[in-house]
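In each ligand, atom 1 is the first atom listed, and ligand 1 is the first ligand listed. Nothing here was measured: the structure is a model prediction, and the numbers come from that model.
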Amino acid sequence: MSLVTFSLQEVLDAFKLCLSENKEVYLEHYVSGWRGLVKFLNSLGSVFGFISKDAVGKIKILEGYLEGDNSSQYATVQLMVKYELDNQLVDLTKRGNHPESGCRTLLRLHRALRWLELFLERLRVSGQDEKTSVMCADAYDQSLSQHHPWVVRKAAGLAFCVLPGREAFFQVMNVGSAEQVVSVLGEAVPLISEVYQITETLYAEQQLLQLP
Ligand code: 1PZ
């Protein structure tokens, strides 16, 4: 993945690689998709620093597991969940000895992935004169915001206001003309949606959707 310029294509490629044949989610590619998204966010300006800082913190925690002694247990989200639960490595009801479990860390990114899915879909079908800030805020209100306290919602709302307009936003995505952006989004949204749904089902089955 290039360090200098972002392209939406990279994120798409990472999420494409995410799913194994039997629909397991490879953590390495999931995290690399998030790395790409953060790069994109950073290219939008320092106002988003508090958001990318939090995301990077979580990405680093997961990368730590991927590079750690038990890395084979973290190859997929499915393996991670089983390993951490079997070994009591997850704080299930309140924060305790495992405030940085892979399960709770990934859950935060997973919830943000739903926002991303809604936002990108909205962008994809948007008309030329629609405001990215409104699309972004609507997607946030329908998803991630319910997991955030008032002060975070407020800060996020302020940050959305300075998002570039649709045309500039498409340029930062760096995939070509508006038509090409729409086409890449048409490919990206279903992929992101599938990765989200698989993780959501797994977490629901294991009753992990409210991890502290
Ligand atoms: C393109 C515009 C970008 C808008 C991004 C929309 C998401 C707004 C999220 C604001 C969250 C900011 C601060 C940190 C909040 C944390 O408290 C929570 C919960 O973690 P905990 O405190 O429990 O450890 N963190 C999150 O919810 C994860 C948020 C990750 C957001 C990543 C956005 C990536 C954007 C990609 C841009 C295309």
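Taking 4.0 Å as the cut-off, R108 counts as a neighbour of ligand 1 on heavy-atom distance. H148 counts as a contact of ligand 1, since one of its heavy atoms falls under 4.0 Å from the ligand.
Salt bridge status for K23 with E194: present, with a side-chain N to carboxylate O gap under 4.0 Å.
Taken from NE2 in H98 to CG in L211, the straight-line distance is 12.5 Å, to the nearest 0.5 Å. Interatomic distance, I192 CD1 to E121 CD, rounded to the nearest 0.5 Å: 10.5 Å.
A donor-acceptor contact shorter than 3.5 Å is absent between the side chain of S126 and the backbone of E130. Put simply, the side chain of S145 gets close to the backbone of Y140: a donor and an acceptor are under 3.5 Å apart. Judged by distance alone, the side chain of Y203 and the main-chain N or O of C103 form a donor-acceptor pair under 3.5 Å.
At a heavy-atom cutoff of 4.0 Å, ligand 1 is contacted by the side chain of L144 but not by its backbone.
The shortest non-hydrogen separation linking S43 to V172 is OG-CG1, 3.2 Å.
Taking atom 22 (O) of ligand 1 as the reference point, the nearest protein heavy-atom neighbour is K58 NZ, 4.5 Å. The protein heavy atom nearest to atom 14 (C) of ligand 1 is D54 CG, 3.5 Å. In this structure, atom 2 (C) of ligand 1 lies nearest to the protein heavy atom L163 CD2, 3.7 Å. Nearest protein neighbour of atom 33 (C) of ligand 1, counting heavy atoms only, is I51 CG2, 3.8 Å. Atom 35 (C) of ligand 1 has its closest protein heavy atom at W115 CZ3, 3.7 Å. Protein heavy atom in closest approach to atom 30 (C) of ligand 1: A112 CB, 4.0 Å. Nearest protein heavy-atom neighbour of atom 23 (O) of ligand 1: R104 NH2, 2.8 Å. Closest to atom 38 (C) of ligand 1 among all protein heavy atoms lies F40 CD2, 3.4 Å.
Residue N87 qualifies as enclosed at atom CG: its count of foreign heavy atoms under 6.0 Å is above 12.
Numbered from 1 in the order shown, with element, the atoms of ligand 1 that lie under 4.0 Å from a heavy atom of W34 read 32 (C), 34 (C).
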